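Report on the structure given below.
In what follows, every heavy atom counts, from backbone to side chain, and hydrogens, waters and symmetry copies are set aside. In each ligand, atom 1 is the first atom listed, and ligand 1 is the first ligand listed. In this text, all values refer to a predicted model and were calculated from it rather than measured experimentally.
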Amino acid sequence: MTGSWATFGADLHLDLSAAVRGGRGLRAALTEALREAARSGRLAPGTRLPSSRTFAADLGIARNTVAEAYGELVAEGWLTARQGSGTRVAERARPRRAAGAVPVRRPARRRGPAYSLVPGSPDLGGFPRAAWLAAARRAVTDAPNDAFGYGVDVRGRVELREALAGYLARARGVYADPDRIVLCSGFSDGLTLIGRMLRARRVREVAVEGYSLDIHRELLTRTGLRTRPLWVDGAGARTPDLGGLGPRTGAVLLTPAHQFPTGAALTPERRTAAVDWARTTGGVILEDDYDGEFRYDRQSVGALQGLDPDRVVYFGTASKSLAPGLRMGWMVVPPDLMEEVLAVKGRVDRSSSALDQLTLAEFIISGAYDRHVRGMRLRYRRRRDQLVAAVAGKVPVSGIAAGLHAVLDLPAGTERALVRAAAWQDLQLEGLVRYRHPDSAMPPREALVVGYGTPSDSTWTPTLAALTAALP
Ligand SMILES: Cc1ncc(COP(=O)(O)O)c(C=O)c1O
């Protein structure tokens with residue numbers, strides 16, 4: 001005999017059958033089950049229990065049985081019964097630790113550094129809460145019932161794919177047919193999927209930028225691919241070297257709009273060289289357009305995908321433009337690869353929330369996304385200008401005026417000590433060295449990768465002051 005009831009916000013599941021089977025009467029079983037629920041805290045102090053009539057009906061037992069169990073527990077002090085406020089779990093019925101139980105110690109909460117310029121995050125305080133909520137409200141109100149079920153299209157909701165197709169064509173020069181867009185949980189998820197797809201076509205190696213995010217290289221490695229570093233300089237990755245990597249290299253991962261982390265824009269010649277390599281070898285270009293919306297000195301250069309949509313998998317993400325916590329990303333897949341990508345993805349889309357997808361679609365269509373990006377662009381541009389002014393005469397800033405990070409070049413032999421000294425001053429910094437591919441033949445370069453997007457507006461000024469104080 002199993003019963004459950006709904007109280008004011010609390011659902012309690014009671015299993016009386018074991019006690020009854022054990023030869024005890026129903027009343028004793030119910031009394032014990034309620035006592036145990038109060039003792040363990042499953043029924044929180046103050047919780048109002050249903051009337052004996054309702055509870056008896058729910059459990060399919062006599063009302064008297066419930067009334068007697070309540071009476072016994074009131075007498076024991078586990079419950080209180082007052083005219084007008086019904087029967088409640090007594091305030092003193094706090095959960096008690098079982099004898100011998102080891103108390104669970106909460107890990108001591110370590111205070112992080114007061115200031116951080118670690119790259120990789122937008123200003124989380126800039127998340128457009130009100131506009132997002134308004135979009136979510138409209139999206140949920142208008143959502144068809146099937147949005148609440150398992151997604152039947154592994155590519156994700158068509159509403160978002162259509163909204164993105166329009167936005168990407170307009171803002172990033174991407175050839176984007178909604179049918180060829182695949183939604184994913186951020187770039188990392190998409191990269192893993194494509195890595196698995198490449199492995200399935202027997203690709204062994206992927207070229208990556210000699211300075212790049214170690215976690216992305218690791219994701220590729222975990223799918224069974226080896227990563228080969230390309231030299232990176234002021235013109236971006238040296239794509240003319242791709243041919244020299246040999247036939248085992250079947251793909252290249254690039255950040256053409258704003259090389260991460262060195263900050264170069266891939267020049268037109270190197271864009272063309274990448275596309276030529278892909279066309280002659282059948283290789284695939286993976287374009288990580290992580291911060292393409294943020295360019296401050298000129299109109300953003302269009303995506304490389306526009307040069308050859310048949311050879312480029314384009315990746316976009318909401319992690320910089322909105323927030324990494326959303327875990328939303330999108331890929332535009334070449335027609336020839338679509339079937340293989342979908343085969344790897346599986347039959348049902350379980351990777352991201354349909355309601356978030358509908359909300360983002362609404363956010364884009366309503367113009368809120370453009371407004372938000374425009375606002376954040378101004379904020380980040382102002383910060384970058386302030387950063388450049390603050391370090392002028394101390395260290396050179398390299399990389400284009402774009403994105404959420406800048407590179408401050410340092411004299412040889414100083415990077416490590418500076419990062420450490422800053423940490424003592426409560427400022428978290430990141431050096432360029434951690435992004436270097438371990439197999440890279442490039443001469444070592446020392447620099448700071450400064451994520452000026454990371455601080456909140458209120459901590460930006462003291463963070464910048466802490467940085468200038470830490471510089472040589
Ligand atoms: C170079 C680069 N690509 C992509 C991303 C976004 O990754 P995701 O969409 O998985 O959050 C980041 C975020 O830090 C990044 O630095």
Quick one: are I364 and L164 in side-chain contact, heavy atoms under 4.5 Å? yes
Do T249 and R226 have a side chain donor and acceptor closer than 3.5 Å? no
Consider only side-chain N and O atoms of T262 and Q259, and report whether a donor and an acceptor are under 3.5 Å apart. yes
Please produce the table of protein N or O atoms sitting under 3.5 Å from N or O atoms belonging to ligand 1, one pair a line, distance to 0.1 Å.
from: ligand 1; atom 1: 3 (N); to: D288; atom 2: OD1; distance (Å): 3.3
from: ligand 1; atom 1: 3 (N); to: D288; atom 2: OD2; distance (Å): 2.6
from: ligand 1; atom 1: 9 (O); to: F187; atom 2: N; distance (Å): 2.7
from: ligand 1; atom 1: 9 (O); to: T317; atom 2: OG1; distance (Å): 2.7
from: ligand 1; atom 1: 9 (O); to: S319; atom 2: OG; distance (Å): 3.2
from: ligand 1; atom 1: 10 (O); to: F187; atom 2: N; distance (Å): 3.3
from: ligand 1; atom 1: 10 (O); to: S188; atom 2: N; distance (Å): 3.0
from: ligand 1; atom 1: 10 (O); to: S188; atom 2: OG; distance (Å): 2.5
from: ligand 1; atom 1: 10 (O); to: R327; atom 2: NH2; distance (Å): 2.9
from: ligand 1; atom 1: 11 (O); to: S319; atom 2: OG; distance (Å): 2.6
from: ligand 1; atom 1: 11 (O); to: R327; atom 2: NH1; distance (Å): 2.9
from: ligand 1; atom 1: 14 (O); to: K320; atom 2: NZ; distance (Å): 2.9

With under 30° as parallel and over 60° as perpendicular, where do the rings of F187 and F315 fit, or are they tilted in between? perpendicular
Angle between ring planes, Y369 versus Y167, binned at 30° and 60°: parallel, tilted or perpendicular? perpendicular
Distance-minimising heavy-atom pair for R383 and G453: NH1-O, 3.6 Å
